[in-house]
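Reviewing the structure listed below.
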Amino acid sequence: MVNVSYFKDRFEQLQGASPDGEIARLRLEGFDNFNNSGLPSLRNEEWKYTNISSLFDKEYELPGDNENPDISRSDLDAVRLPGHSIANELVFVNGLFMPGLSTIRSPHNQLTVTPLEDAARGIYKDLVKQHLGQSSMYVKDGIHALNTSFIYGGVFIHIAKGQQLGHPVYLYHLSDVRGHHMLSQPRSLIYAGEGSKLQLVETYQTIGTADSFTNQVMEVVINDGTYMEYYKLQNDTANSSQVSTTHIRQTGRSYVHTVTITLNGGMIRNNMNLILDAPGNETHLYGLYMLKGNTHADNHTLVDNQQPNCFSNQLYKGIVDDTATAVFNGKIMVRPQAQKTNAYQSNKNILLSDRAGINTKPQLEIFADDVKCSHGCTIGQLDETALFYLRTRGISMENAQAMLLQAFADDILVQIKPQLLREHVRQLITLQLFNTK
């Protein structure tokens, strides 16, 4: 049962501390929407296969405004990814951006990283006013509204016009639950100027044995001539749950490449929205979910073709074992003016257990007549002929299965372009495949 009065008290405290400005206005709008919508239930079509309400049977704490995290170097090292020594490292603890734990290696004329509240009051206030909260037009449920209700401790990232970042941007999300259940709500707004190039990588780590719930919203604005790669790695503990919305709007002709890897966790919901709002945009979405135990992963994708001559390609693959469950819901929208759209989507799954489950729902909504669009989904088991062939070569059943699954996953892994990150993920998958029994 959701403790609405607790959220109301904390919301009023937050608004009382900073009642004016664009962020306060968005918070008020968000809390009104949360009160009206409540948490999504199984009766909501977009949440038909994912029960989030049960996660709120417990009492979560929200981080304080002046949270002083007790994060050690070993805590931070546990979440660091290969290549961190040359990366811009942005650290969030319980949803709050921590400048003191973060390291910015790119020069200031290329990259600006500042608290979101400061950006809303400073030289970037017009950008914040124009772009913060745009995802609410697409994700209209109560859990998204709850994040908007508590926008504080967020981050604004600005990549200057014409700058190609030589250092990737790593975002580390740490949840410290060594004392109590924690609800973390990171918020970020990223603006990439014309002709810029950037690489974003996100990952998550829960510290402690209580339950963590991360309710995250990232909004990204891509301008003309920009090239962006985005990678999300979800390999957290069983006591962690997450709802993550990544909303990318391509306002000029640009290229976006995203890869989402989901390996471990409790309940995971990913909303990946691509808004193609300029002619000639190109976007690629890839995902791999490899689930076991009681993990539940729900991937919702949306590619909204608003302008003509755009190209998009989606490929999501799943391997589901034990009593784990997965959901894939992929939607392609083609607006009336988006003629000459080319949009493709594929979802392929392998079930390894009679107790595992997968629900997949590809969707096309086409309002233009000169387009090429296709979608498809498959759910099956490992090829018995290929297994037999490997067994006749003296390979054990377990290793034969692992080899075939590794080959199945590799279509996604090769889309991770940074070599160090790709090999890191491949190693995680190899360990999971060859050490499952």
Salt bridge (charged side-chain N to carboxylate O under 4.0 Å, His left out) pairs touching residues 71-85, sequence neighbours excluded, are Asp75-Arg178, Asp77-Arg80, Arg80-Glu89
Under 6.0 Å between the ring centres of His247 and Tyr138?
yes
Residue pairs passing the salt bridge (charged side-chain N to carboxylate O under 4.0 Å, His left out) test with at least one member in residues 234-250, sequence neighbours excluded, are Arg249-Asp277
In short, Leu233 meets Thr203 closest at the heavy-atom pair O-OG1, 3.2 Å
Q) Around atom NZ of Lys417, are there more than 12 heavy atoms of other residues, nucleotides or ligands at under 6.0 Å? A) yes
Tell me whether the rings of Tyr255 and Tyr227 are parallel (<30°), tilted (30 to 60°) or perpendicular (>60°). parallel
Sorted by chain and number, sequence neighbours left out, salt bridge (Lys or Arg N to Asp or Glu O under 4.0 Å) with Lys197 holds for none
Practice item. Before accepting this row, confirm whether a basic side-chain N of the pair Arg25/Glu29 lies closer than 4.0 Å to the acidic partner's carboxylate O. Key: yes
Test side-chain hydrogen bond (donor to acceptor under 3.5 Å, both in side chains), reference Asn215, set Gln185, Gln242, Arg187, output is Gln185
- Query: Do the ring planes of Phe92 and Phe97 sit parallel (below 30°), tilted (30 to 60°) or perpendicular (above 60°)?
  - Reply: tilted
Salt bridge (Lys or Arg N to Asp or Glu O under 4.0 Å) filter on Glu423, not counting sequence neighbours, yields Arg426
When rounded to the nearest 0.5 Å, the distance separating CD1 of Ile261 from CG of Leu288 is 4.5 Å
Angle between ring planes, Phe56 versus Tyr60, binned at 30° and 60°: parallel, tilted or perpendicular? perpendicular
Does Gln427 have more than 12 heavy atoms from other residues, nucleotides or ligands lying within 6.0 Å of its CD? no
Original post:
Looking at Phe328, does the NZ or CZ of Lys361 lie under 6.0 angstrom from its six-membered ring centre and within 45 degrees of the ring axis?
Top reply: no
Residues pairing under salt bridge (charged side-chain N to carboxylate O under 4.0 Å, His left out) where one sits in residues 295-305, two or more places apart or in two chains, turn out to be Arg269-Asp298, Asp304-Arg335
In Val217, Asn33, Leu183, Asp141, the residue satisfying side-chain contact (heavy atoms from CB on, under 4.5 Å) with Leu146 is Leu183
Closest non-hydrogen contact found for Ser53 with Pro40 is OG-O, 3.3 Å
Between Val113 and the options Leu90, Ile190, Val169, the side-chain contact (heavy atoms from CB on, under 4.5 Å) test singles out Leu90
CG of Asn36 to CZ of Phe31, rounded to nearest 0.5 Å, is 10.5 Å
Applying ring-ring contact (aromatic ring centres under 6.0 Å, His included) to His158 and not counting sequence neighbours gives Tyr124, Tyr191
dist Glu219:CD -> Leu132:CG (nearest 0.5 Å) comes out at 5.5 Å
_Under 4.0 Å between a side-chain nitrogen and a carboxylate oxygen: does that hold for Lys129 and Glu22?_
no
Exercise for the section: Could you tell me whether the side chains of Gln110 and Gln164 share a donor-acceptor contact shorter than 3.5 Å? Expected result: no
Exercise. Given the rule in the side-chain contact (heavy atoms from CB on, under 4.5 Å) test, do Val139 and Asn273 qualify, once you have shown the distances and angles that lead to the verdict?
Worked result: CA-CA 9 Å; Val139 187; Asn273 299 339; 3.5 Å; yes
Do the ring planes of Tyr286 and His284 sit parallel (below 30°), tilted (30 to 60°) or perpendicular (above 60°)? parallel
